K.L.:
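Input: one structure, supplied below.
In what follows, every chain begins at residue 1, and chains take the letters A, B, ... in the order their sequences are listed. Since we're looking at a predicted model, the values are computed, not measured.
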Amino acid sequence: IFGLIVKKKNIDFIGKALFVLAFFTEFLYFALRTMQTYQKGYNYLPVTNAFESFVFFTLCLGLIQTIMIKKASSIIVLFSSIIISATILSLSIAGFSEHIEPLIPALKSNWLTAHVITSFLGYAGFAINFIASSYVLYSSKKYFDKAIGSLAFGAILSLIVTVSIVYIAHSQILITGIVFWILIASMLFVLGFIVKPYEKKEWMEKPLIFGFVLLTIGIITGSIWAKYAWGGYWSWDPKETWSFITWIVYLINLHYIRKRKSARFLAYLGIIGFVCVIITYLGVNFILPGLHSYGSN
Amino acid sequence: MGQINKIIDNIYNFLKSLTLTVVLLSLIAFFSAIGTFANNVKFLQNLGLSNIYYSKWFLLLIVLFVVNLILCTLSMIPKTLAIFELKAPNKIFRSYDKTRTQIHLISLLKAKKLYIQQKNGLIAAYRYPIRKFAVYGIHFGILIVALGALIGSIWGFRGIMEIPQNQSSNLVMLRNNYLSLPFSVYNKNFTISFYENKDIPSQYKTDGYIIDSNQKIPFSVTVNHPFIYKGIWFYQASYQLDPHDSYIILNVNDSKVQLHLHKITMVDNARIYLANLSYYNSKPIALLYVALPQGEASGWIKLGDSANLGPINITFSDAKEIYITVLSVAKDPSSTIVSIGFIMIILSLLLIFLKFRRRVYKIESI
Ligand code: HEM
């Protein structure tokens, strides 16, 4: 899976070809793991614990990217691949349990499988919307926009740098992270003045609509699962609530697309939305307790 | 009169506006977010925000949102219908033989699987006209789900039943009171099964029967597989050790001692206390506290293992674990309505991916 660590490729074609290759490598890995899980007699798709769900997220992002790779701008492909490799790198370092374990009873449900697949595909769509949004802001002439765009890209880049450094030097993850975030963001900010303004909404809209549709289906299948497992469609547990908030932010974004708001405005909404995705996905699993905190070990 | 009409108009315009939608949704999102950490933050608890989702304010926001959604969707209808009114043509053909050209054009458009409409001498061809109705499906679907939630919260209930083994009960504990069912539920047996060689449970299961008048209806519920009787759903939610009936057998210096949960037993000079019973690697384990004149000891012990505590030797030789099953009990008369809403939303959402096209042709004679 380290084949995914494909960095800056100015030569468009090679970069994209490598991306597709990396995607298929990862897909192979996923398929193998699925086979192993079935061989052990546990009979489920390996998407249910923290490690597996991260891998599955990167797989979804890779899949969407691969499908639209011909038309995608290379910036988006580049940053997708950076997100993917950063996630996988942090996974292998953070020491999540890679063991294939059987499922606890509550997680044994086909609705859950449908829920996870659709939600993660949705998140992958939002990730692309996030990259495009950041790019719109980054390339804008306004200082504030550029700063936000730099911070957004800086977050992605510093993730991968931090993870590598923590791996090598075993330094404090939080401090290293923040230092590099600020450092890289300010570097990007300065560099940003050579970028030409980019105001096309296309790369924000399509992934967003795709993401919204899949997230909605994800929430619906999730609540059907909840109905069978706990007796109610909705219980306002923190993860449910945050996915609801995420959904609202993207809902607003979607309606403003229809109202033809400016690309800048939509880009800000896109960034807020993705922050919500991250809170839903990470914050709630590891901080706020609830029905969903399966990721805790 | 004109004044009043104008005010009503303004109110209507405000109620159907997207601005109001965004304000309401932002408020709903904001309060929901606060609700997720209200239980951990004292200050918010003091403000009474820990149960925000069931408060009147939250309900008011949702009601306003529903009104907004209804009005807004209704006000969109004329615009949608206007799409299917034929006015200005996009393309004009000139022909000597109008009817023949027309037949030709129509068969050509039909071959492309387009939807065709003829009116006022104009011909319109649409691709995926249903795409324009997706919005209604989605908005209406949301309304149906909201209606279902309302019905469910008025005529439904959700609670918990705790039934010890070989006993029956008809008492359901709700969030802040209780309810008795018109029949009772008998718990014959609760079992936990484990994966081979792991301490990960694979299934929790309650077998029992419903006692309704003189009938006995057998059932079994497992996690994710509820049992439904007279519109009431029973779910395997949880379980507890039954402190009255659970016991273990210890061999203390070769004499057998029966030890109940949470009860201190004297053996020779030792006081032995069973604090907990559980499973590890599919084997029962017991948490024991032993107090001797010489000192105290405590720890988990596995079935079959022994421990030597100076003057006494303890062997854990048998365990009898009896459980109280905990069932979630819910009645939701709205589940059909909600399902219909869900299906409607999903189907209409998928329509969004289709691409709507429209062309209006006109054929003029030369
Ligand atoms: C939770 C509630 C809502 C959901 C899930 C929802 C969903 C959607 C979706 C998916 C679309 C895109 C449809 C398309 O592209 O054709 C849409 C369009 C639209 N919605 Fe909503 N919406 C909601 C609430 C509202 C409300 C309250 C309003 C009223 C102000 C509203 C006004 C509109 C308008 C004006 C459009 C554009 C229709 C068009 O372009 O023809 N929506 N809605």
Side-chain angles (χ1 to χ4, degrees), chain A residues 40-42 101-112 118 206 209-210 212-217 219-221 223-225 227-242 244-249 251-256 258-259 272 276 279 283-284 287-290, chain B residues 18 21-22 25-26 28-30 32-33 35-37 39-40 51-54 135 138 145 148-149 152 156 158-160 192-196 198 200-205 222-226 233-237 327-332 334-335 338-339 341-343 345-346 349-350 352-353:
Chain A
K40 290 199 174 185
Y42 301 150
E101 293 283 4
L103 286 183
I104 59 166
L107 299 182
K108 281 197 271 187
S109 157
N110 291 334
W111 288 112
L112 175 68
T118 47
K206 282 188 183 156
I209 292 172
F210 175 82
F212 181 78
V213 170
L214 276 125
L215 179 66
T216 312
I217 299 177
I219 291 178
I220 290 178
T221 47
S223 65
I224 297 176
W225 169 51
K227 170 95 179 152
Y228 279 93
W230 288 290
Y233 289 113
W234 200 260
S235 334
W236 295 108
D237 102 309
K239 188 148 189 148
E240 275 176 3
T241 310
W242 272 100
F244 176 63
I245 295 167
T246 310
W247 185 74
I248 287 183
V249 173
L251 182 68
I252 294 176
N253 197 331
L254 180 81
H255 282 87
Y256 275 144
R258 296 274 175 258
K259 284 266 161 185
I272 296 174
C276 290
I279 296 177
V284 178
I287 299 166
L288 295 166
Chain B
L18 193 60
T21 316
V22 172
L25 286 176
S26 309
I28 291 175
F30 177 73
S32 306
T36 57
F37 25 76
N39 278 330
N40 307 346
N51 233 333
I52 204 162
Y53 311 115
Y54 304 98
V135 192
I138 298 162
V145 172
R158 208 172 144 187
I160 276 181
I192 307 178
S193 36
F194 289 86
Y195 290 100
E196 259 174 73
K198 302 234 177 216
I200 297 175
S202 66
Q203 195 54 276
Y204 305 111
K205 182 175 179 191
T222 54
V223 178
N224 266 321
H225 298 278
W233 294 46
F234 296 89
Y235 305 82
Q236 185 67 57
L327 301 178
S328 263
V329 185
K331 181 175 174 179
D332 187 0
S334 67
S335 61
V338 173
S339 310
F342 282 170
I343 292 171
I345 295 174
I346 291 181
L349 271 174
L350 292 177
I352 293 190
F353 293 125

K.L.:
Could you tell me which portion of A/W234 (side chain, backbone, both or neither) has an atom closer than 4.5 angstrom to a non-hydrogen atom of chain B?
P.N.:
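The backbone, not the side chain.
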K.L.:
Rounded to the nearest 0.5 Å, how far does CD1 of A/I248 lie from OG1 of B/T21?
P.N.:
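Between B/T21 OG1 and A/I248 CD1, I get 11.5 Å after rounding to 0.5 Å.
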K.L.:
Output the distance between atom CD1 (A/I220) and atom OG1 (A/T118), rounded to the nearest 0.5 Å.
P.N.:
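OG1 of A/T118 is found 9.5 Å from CD1 of A/I220.
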K.L.:
Among the options B/V145, B/I346, B/L350, pick out the one with the most heavy-atom pairs lying under 4.5 Å from chain A.
P.N.:
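Of the candidates given, the most pairs with chain A belong to B/I346.
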K.L.:
By a 4.5 Å heavy-atom criterion (distance strictly below it), what part of A/T246 contacts chain B: side chain, backbone, both, or neither?
P.N.:
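When you check distances to chain B, no heavy atom of A/T246 falls under 4.5 Å.
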K.L.:
Picking from A/F210, A/Y233, A/Y256, A/F244, which has the most non-hydrogen pairs under 4.5 angstrom with chain B?
P.N.:
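Result: the option with the highest number of such pairs is A/Y233.
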K.L.:
So what's closer than 4.5 Å to chain A heavy atoms on B/S335: side chain, backbone, both or neither?
P.N.:
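Both backbone and side chain of B/S335 come within 4.5 Å of chain A.
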K.L.:
Which atoms of B/V338 come close to chain A, meaning under 4.5 Å heavy atom to heavy atom: side chain ones, backbone ones, both, or neither?
P.N.:
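When you check distances to chain A, only side chain atoms of B/V338 fall under 4.5 Å.
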K.L.:
Rounded to the nearest 0.5 Å, how far apart are CG of A/L254 and CZ of A/F212?
P.N.:
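Answer rounded to 0.5 Å: 6.0 Å.
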K.L.:
Between atom CG of A/L214 and atom CD1 of A/I219, what is the distance when rounded to the nearest 0.5 Å?
P.N.:
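Result: 11.5 Å between the selected atoms.
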K.L.:
What part of B/F234 gets within 4.5 angstrom of chain A, counting heavy atoms only: side chain, backbone, both, or neither?
P.N.:
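Contact with chain A: none, neither part.
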K.L.:
Under 4.0 Å between a Lys/Arg side-chain N and an Asp/Glu carboxylate O for B/D332 and A/K227?
P.N.:
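Answer for the salt bridge query: yes.
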K.L.:
Kindly give the heavy-atom pair with the smallest separation between B/T222 and B/Q236, and that separation in Å.
P.N.:
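So the two residues come closest at C-CB, 3.8 Å.
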K.L.:
Can you tell me which portion of B/S328 sits under 4.5 Å from chain A's heavy atoms? Options are side chain, backbone, both or neither.
P.N.:
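Side chain only.
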K.L.:
Under a 4.5 Å heavy-atom cut-off, does chain A meet the side chain of B/Y235, its backbone, both or neither?
P.N.:
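Only the side chain of B/Y235 comes within 4.5 Å of chain A.
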K.L.:
Quick check for you: to the nearest 0.5 Å, what is the distance between A/E240 atom CD and A/I245 atom CD1?
P.N.:
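With rounding to 0.5 Å, CD (A/E240) is 12.0 Å from CD1 (A/I245).
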K.L.:
If we define contacts as heavy-atom pairs under 4.5 Å, which of B/P226, B/S26, B/G156 has the most with chain A?
P.N.:
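Of B/P226, B/S26, B/G156, B/P226 has the most heavy-atom pairs under 4.5 Å with chain A.
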